[in-house]
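As structure tokens, the structure follows; a few thoughts come after it.
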Amino acid sequence: MEAFITYTLFAMLVATALAAVQLNRLFAVVMLSGVFSLLSAVLFVVLDAPDVAFTEAAVGAGISTVLMLGTLALTSRTEKSSSRSSAIPLLVVIVTGIVLVYGTLDMPNFGSANTPANTHIAAQFIEKTPHQIDVPNIVTAILASYRGYDTLGEVVVVFTAGIGVLLLIGRLGRRGERQKQIGRGE
Amino acid sequence: MRHHLILRVVTKLLAAPIMLFALYVQFHGDFSPGGGFQAGVIFAVAFILFGIVFGLDKVQQVFPTWIVHRLMALGALIYGGTGVVTMLLGKAYLDYSALAHHPEHGQHYGIFAVELGVGVTVSAVMISVYYAFAGRPPRISDEEW
């Protein structure tokens with residue numbers, strides 16, 4: 001049953017991606033990308049990763065869809081038709097896909113208990129969290145405490161990204177413009 | 001969106017529960033899925049939904065741009081400041097066990113403070129990015145959608 005759900009979700013993911021590539025009305029493409037994120041979130045739930053699913057649903061399906069719609073309102077509703085042949089991009093995509101699939105052949109089976117990820121440090125986290133941190137959600141304990149530096153880095157990345165967007169399109173330069181005008185007046 | 005009565009009513013009904021849910025996700029992250037990142041996004045969604053339906057001016061009256069910009073930095077400062085406090089108390093940077101007499105309680109306080117910082121920064125960044133996009137004059141008129 002679980003395999004059936006997983007395969008169905010993957011089939012729907014592929015169908016959504018193909019539909020998004022085919023369409024040239026960008027509004028529909030943005031909506032399909034939201035659907036894609038939502039399907040990925042469901043897939044993460046099936047894989048027992050509710051924290052990741054939560055983030056994917058909130059960020060991927062929620063915020064990025066809104067921001068893409070905002071971008072759409074500032075630019076154009078339809079995709080420009082390209083006259084170039086798509087043979088070379090298709091070749092690149094197929095070759096990359098084959099390389100990626102070849103790479104997964106070396107990976108351990110899904111859910112295998114003997115993988116380095118499951119034997120090395122994860123076992124220590126599961127063993128030590130109850131008496132070192134005493135928090136039921138081990139994901140939170142790892143994110144906020146054991147890996148506090150990394151999360152600080154993530155927050156700074158989010159902060160920097162926000163500043164970047166504001167500098168590019170946020171009209172923060174008003175003070176500068178005013179000073180320029182004053183300078184010209186003199 | 002002035003003519004969409006259903007959207008306006010539903011938004012008014014939903015805005016407060018969305019914020020409440022964000023606070024739940026924020027402060028219940030130790031026990032259930034969730035934490036600062038998810039809570040910040042959900043909190044921002046309440047304001048973005050309000051802004052989409054009622055217009056940017058209305059939401060900026062509730063949550064002015066200058067406050068949002070300062071909150072972006074405040075969240076990162078809360079996170080970094082927690083580390084500085086633990087250093088002042090004689091432990092390593094971001095070693096929360098210094099924050100209380102009992103190391104486990106210190107970890108609880110530290111995770112609480114750090115997650116709060118994450119939530120504040122994430123929601124402020126999301127809202128200010130939305131303000132930046134929505135504040136520019138659109139090239140597509142409302143009817144063309």
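Each chain gets a letter, A, B and so on, in the order the sequences are listed, and its residues count up from 1.
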Residue selection (most heavy-atom pairs with chain B, distance under 4.5 Å) from D134(A), T55(A), N137(A): N137(A)

Backbone N/O of G29(B) and side chain of T140(A): donor-acceptor pair under 3.5 Å: yes

Chain A neighbours within residues 15-27 of chain B, where any heavy atom lies under 4.5 Å away: F21(B), V25(B)

Atom group of E104(B) that falls short of 4.5 Å from chain A, counting heavy atoms: both

Interface moiety of A134(B) toward chain A, non-hydrogen atoms closer than 4.5 Å: neither

Connected via hydrophobic side-chain network under 4.5 Å: F36(A) and L32(A): no

Common cluster, V21(A)/F27(A), ILVMFWY with side-chain heavy-atom separation under 4.5 Å: no

Heavy-atom contacts under 4.5 Å, residues 46-53 of chain A to chain B: P50(A), D51(A)

Y146(A), OH atom: more than 12 neighbouring heavy atoms under 6.0 Å: yes

Verdict with supporting geometry, F54(A) and V41(B), side-chain contact (heavy atoms from CB on, under 4.5 Å): CA-CA 10 Å; F54(A) 212 153; V41(B) 171; over 6 Å; no

hydrophobic_cluster_shared for I127(B) and L77(B), side chain cutoff 4.5 Å: no

M126(B) portion near chain A, given a 4.5 angstrom heavy-atom threshold: side chain

Cluster check V68(B), L74(B): I/L/V/M/F/W/Y, side chain < 4.5 angstrom: yes

Portion of V59(A) that has a non-hydrogen atom of chain B nearer than 4.5 angstrom: both

Intermediate values then yes/no, side-chain contact (heavy atoms from CB on, under 4.5 Å), F37(B) and T151(A): CA-CA 10 Å; F37(B) 284 98; T151(A) 312; 3.9 Å; yes

In one Ile/Leu/Val/Met/Phe/Trp/Tyr side-chain cluster, 4.5 Å: Y131(B), I52(B): yes

Contact residues of residues 84-96 of chain B (partner chain A; heavy-atom separation under 4.5 angstrom): Y93(B), L94(B), Y96(B)

Chain A interface, residue from I42(B), T121(B), V45(B), V114(B) that has the most non-hydrogen pairs under 4.5 Å: T121(B)

Side-chain (Y79(B)) to main-chain (G148(A)) donor-acceptor, under 3.5 angstrom: yes

Nearest non-hydrogen partners of F159(A) and V125(B), listed with the distance: CA-CG2, 4.1 Å

Heavy-atom pair of closest approach, residues A132(B) and V165(A): CB-CG1, 4.4 Å

Members of residues 3-19 of chain A whose heavy atoms come closer than 4.5 Å to chain B: none

Flag if over 12 foreign heavy atoms under 6.0 Å of CG, L100(A): yes

Residue A124(B) versus chain A: region with a heavy atom under 4.5 Å: neither

Region of I133(A) that comes under 4.5 Å of a non-hydrogen atom in chain B: both

Separation between OG1 of T65(B) and CG of L166(A), rounded to the nearest 0.5 Å: 9.5 Å

Distance-minimising heavy-atom pair for S145(A) and Q107(B): OG-OE1, 2.6 Å

Selection from L152(A), V155(A), V158(A) maximising heavy-atom pairs under 4.5 Å formed with chain B: L152(A)

CG-OH distance between L69(A) and Y130(B), expressed to the nearest 0.5 angstrom: 10.5 Å

Options G135(B), A44(B), A73(B), G75(B), ranked by heavy-atom pairs under 4.5 Å with chain A, top entry: A73(B)

NE2 (H120(A)) with more than 12 external heavy atoms under 6.0 Å: no

Closest-packed option against chain B by number of heavy-atom pairs under 4.5 Å, given L143(A), V135(A), L168(A), V156(A): V135(A)

